[in-house]
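Report on the structure given below.
Source: prediction; values computed, not measured. Numbering of ligands and ligand atoms starts at 1, following listing order.
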Amino acid sequence: MTGATRGIGQATANCLLDLGAEVLAVGRDAVRAEETRRAWEHQKLPGDVVVADVTTELGRDQIVAAVADRWSSLDTLVNNVGEGNRKPFIEVTDSDIDHLVSLNFTSTAILLRRLHPLLQRAAGASVVNVASTAGLVSVPDTAIYGAQKGALIQLSRSLAVEWAPDRIRVNSVSPWFTRTPRIEALLATAEVADRIIARTPLRRPAESEEIASVIAFLCLDASSYLTGQNLIVDGGATISGIS
Ligand SMILES: NC(=O)c1ccc[n+]([C@@H]2O[C@H](COP(=O)([O-])OP(=O)(O)OC[C@H]3O[C@@H](n4cnc5c(N)ncnc54)[C@H](OP(=O)(O)O)[C@@H]3O)[C@@H](O)[C@H]2O)c1
């Protein structure tokens with residue numbers, strides 16, 4: 001599972017470990033990775049962390065090698081890495097575009113292709129790609145990020161059909177604003193928090209655990225007939241008209 005040393009990814013890894021899964025987490029920061037690994041070891045949970053950057057070929061090589069070293073087949077793959085940069089479109093630089101496309105789409109597409117042989121060897125596998133409501137509706141200053149998340153949702157649908165003969169289910173999850181380290185500062189800005197709350201029928205952002213439990217559901221046999229779907233976890237935001 002990529003991006004599992006913080007935020008939604010870490011909450012998902014914890015949820016899957018509680019459900020009895022073995023988890024291999026991916027993160028970039030070595031210190032945070034070691035803290036995560038030690039916390040799981042302390043709780044006697046079968047979780048480990050590989051330090052790798054999904055946007056580099058070397059990082060993807062390290063991830064594929066670490067997975068293949070541990071398992072001859074892969075039951076579950078959660079692609080959770082993703083990030084925007086909150087700039088109006090006309091201020092986005094060429095290198096911003098390259099980075100956002102690489103981080104939010106290309107890295108996941110390449111990992112999916114490279115891990116397919118291991119997924120194919122499982123007796124039924126589940127892939128969950130973490131997208132965003134920004135891939136469905138306009139969220140200010142996230143045009144490139146939203147476009148890549150929209151692409152990830154469609155990639156998930158296409159692969160759900162293409163990989164169904166291999167008994168690999170592919171779904172995506174699209175969170176709305178969720179309390180994680182990445183957006184803590186944004187949510188602490190009263191004006192932004194008020195706008196989010198006003199726009200959200202449940203009148204609050206999500207907690208990471210509320211996204212994690214939906215991702216975990218898609219990993220379980222409990223969702224065995226669900227594929228090619230995008231589960232929107234948004235407190236009702238995208239179905240709300242005027243309030
Ligand atoms: N939070 C929200 O409001 C929200 C809303 C909609 C969608 N989402 C989506 O949900 C997912 C998780 O978001 P989050 O808010 O939980 O993020 P977060 O708190 O920033 O955590 C991101 C995780 O990904 C890892 N990571 C980042 N870049 C990486 C890279 N290049 N290679 C390997 N690992 C990397 C981080 O580890 P290091 O720090 O060690 O790199 C960390 O473990 C993302 O796809 C995001 O787009 C979030």
Does S132, backbone or side chain, put an N or O under 3.5 Å from an N or O of ligand 1? no

Considering only the protein, which heavy-atom contact is closest to atom 17 (O) of ligand 1, and what is its distance? R182 NE, 3.4 Å

Tell me yes or no: between the side chains of S156 and N129, is some donor less than 3.5 Å from an acceptor? yes

Nearest protein heavy-atom contact for atom 29 (C) of ligand 1: which residue, which atom, what distance? R28 NE, 3.5 Å

Considering only protein heavy atoms, which is closest to atom 12 (C) of ligand 1, and at what distance to one decimal place? N80 OD1, 3.3 Å

Of all the atoms in ligand 1, which lie at a distance below 4.0 Å from a heavy atom belonging to D29? 38 (P), 40 (O)

Does some side-chain heavy atom of E209 sit less than 4.5 Å from a side-chain heavy atom of C15? no

Proximal ligand 1 atoms for G3, defined as those under 4.0 Å from one of its heavy atoms: 23 (C), 24 (O), 25 (C), 43 (O)

Atom 47 (O) of ligand 1: the protein heavy-atom neighbour that sits closest, reported with distance to 0.1 Å: Y145 OH, 2.6 Å

Does V54, backbone or side chain, put an N or O under 3.5 Å from an N or O of ligand 1? yes

Is D48 salt-bridged to R70, cutoff N-O under 4.0 Å? yes

Does ligand 1 have an atom that lies less than 4.0 angstrom from a heavy atom of I183? yes

Walk me through whether V49 and W40 qualify under side chain to side chain contact (heavy atoms under 4.5 Å, CB included). CA-CA 10 Å; V49 186; W40 289 337; 3.9 Å; yes

Just to confirm my output: which protein heavy-atom neighbour is closest to atom 9 (C) of ligand 1, and how far is it? A131 O, 3.7 Å

Identity and separation of the nearest protein heavy atom to atom 3 (O) of ligand 1: T178 N, 2.8 Å

Closest protein heavy atom (residue, atom, distance) for atom 33 (C) of ligand 1: A52 O, 3.2 Å

Shortest non-hydrogen separation from R179 to P205 and the atoms involved: NH2-CG, 3.5 Å

Is the shortest N/O to N/O distance between T55 and ligand 1 below 3.5 Å? no

Closest to atom 22 (C) of ligand 1 by heavy-atom distance, out of R6, E184, M1, R60, is R6

Give a yes or no answer on whether the side chain of Q154 reaches the backbone of G150 with a donor-acceptor pair at less than 3.5 Å. no

Just heavy atoms, cut-off under 4.0 Å: does T5 contact ligand 1 by side chain, backbone, both, or neither? both

Check: K149 N/O within less than 3.5 Å of ligand 1 N/O: yes

Considering the heavy atoms of V130, write down every atom of ligand 1 situated less than 4.0 Å from one of them. 9 (C), 10 (O), 11 (C), 45 (O)

Ligand 1 to I8 polar contact by distance, N or O atoms, under 3.5 Å: yes

Any Lys/Arg nitrogen of E41 or R38 sitting under 4.0 Å from an Asp/Glu carboxylate oxygen of the other? no

Side chain to side chain contact (heavy atoms under 4.5 Å, CB included), that's the test. Do N171 and L231 meet it? Break it down for me. CA-CA 8 Å; N171 292 288; L231 299 193; 6.0 Å; no

Within reach of ligand 1, part of A4 (heavy-atom separation under 4.0 Å): backbone

Geometric N/O contact T133 with ligand 1, under 3.5 angstrom: no

What part of N104, side chain from CB on, backbone N/CA/C/O, both or neither, has a heavy atom under 4.0 Å from ligand 1? neither

Specify the protein heavy atom at minimum distance from atom 6 (C) of ligand 1: its residue, its atom name, and the distance to 0.1 Å. P175 O, 3.2 Å

